[in-house]
Amino acid sequence: MGQCTSHSMKKDELEEYQVLMFLTKGEILRIHDAFCNSCPQGKDYRQAKLTTEQLCTWPQLKVNPFKDRICKVFSTDGYFTFEDILGMASVFSDLACPSLKIEYAFRIYDFNDDGFIDEDDLQSVIRRMLNGKSLSEEETVSLASHILEEADLDNDGMLSLAEFEHAMAKSPDFLHSFRICF
């Protein structure tokens with residue numbers, strides 16, 4: 001690991017990022033410093049990319065049970081530019097609007113990437129949220145089934161984004177827990 005060659009960000013760049021993102025100047029600068037410290041030595045931060053593996057070592061993601069899904073949703077090729085990371089941090093920011101957080105949570109929880117959250121997706125979410133705590137397979141299946149029964153408004157056996165959004169509106173704690181501080 002090293003340092004970017006163009007380590008300092010210009011004031012107008014910082015202001016532009018702040019207008020475009022749900023981030024404070026301090027958050028943007030902290031992300032910039034972390035990104036530059038992770039960049040290959042001699043690379044300009046505007047052209048540098050980090051791998052998913054590099055990004056997953058950052059403290060903000062390191063212990064997150066959804067880190068692989070988060071990275072998959074925010075990267076199309078397994079690499080992250082500085083702006084990709086800013087976009088990710090922006091979604092997880094306290095300043096981001098609830099509908100944006102819900103849309104990205106939906107994409108993260110849609111493990112099979114079919115545009116719906118089905119019972120298998122819910123079971124995966126439950127297992128990861130428990131993070132090693134014991135719940136029998138039968139209890140996991142039952143809990144996922146119960147969640148689906150409550151939230152599946154059209155009874156098609158899966159949640160659309162609209163149904164997920166409706167369910168999350170009933171869970172105000174969700175939006176407070178769907179955050180990563182950068």
Tracing side-chain contacts under 4.5 Å among Ile, Leu, Val, Met, Phe, Trp and Tyr outward from Leu153 reaches none
May I have all residue pairs that pass salt bridge (charged side-chain N to carboxylate O under 4.0 Å, His left out) and include part of residues 16-31, sequence neighbours excluded? none
Can you label the angle between the His32 ring and the Phe82 ring as parallel, tilted or perpendicular, going by 30° and 60°? perpendicular
About how many Å separate OG of Ser90 and OH of Tyr104, when rounded to the nearest 0.5 Å? 9.0 Å
For residues 165-173, which side-chain N or O atoms pair as donor and acceptor with protein atoms under 3.5 Å away, sequence neighbours left out?
none

Please check: side-chain N/O of Ser75 versus main-chain N/O of Lys72, any donor-acceptor pairing under 3.5 Å? no
Residues pairing under salt bridge (charged side-chain N to carboxylate O under 4.0 Å, His left out) where one sits in residues 58-71, two or more places apart or in two chains, turn out to be Asp68-Arg128, Arg69-Asp113
Any donor and acceptor pair, going by atom type alone, linking the side chain of Ser93 with main-chain N or O of Phe22 inside 3.5 Å? yes
Of all residues at least two apart in sequence or in a different chain, which pass the side-chain hydrogen bond (donor to acceptor under 3.5 Å, both in side chains) check with Glu119? none
Polar side chain donor-acceptor pair, Thr81 to Asp84, under 3.5 angstrom: yes
Check the surroundings of atom CZ in Phe174: do more than 12 heavy atoms from other residues, nucleotides or ligands lie under 6.0 Å from it? yes
Considering only residues two or more places apart or on different chains, which pairs with a residue in residues 86-99 satisfy salt bridge (charged side-chain N to carboxylate O under 4.0 Å, His left out)? Asp94-Arg179
Can you tell me how far CH2 of Trp58 sits from OG of Ser38, rounded to the nearest 0.5 angstrom? 5.5 Å
Within the side chain of Asn64, is there an N or O that forms a donor-acceptor pair under 3.5 Å with the backbone of Leu61? no
If only atom types and distance count, is the side chain of Glu13 paired as donor or acceptor with the main-chain N or O of Lys10 below 3.5 Å? yes
Is the count of non-hydrogen atoms from other residues, nucleotides or ligands lying under 6.0 Å from Glu137 atom CD greater than 12? yes
Heavy-atom donor-acceptor pair, Asp110 side chain to Gly115 backbone, under 3.5 Å: yes
Looking at Asp118 and Met158, would you say the former's side chain and the latter's main chain have a donor-acceptor pair under 3.5 Å? no
Reported OG1-to-CD1 distance for the pair Thr24 and Ile28, which is rounded to 0.5 angstrom: 7.0 Å
Are a donor atom and an acceptor atom from the side chains of Ser136 and Glu139 found within less than 3.5 Å of each other? yes
Under 3.5 Å donor-acceptor, Thr52 side chain and Gly78 backbone: yes
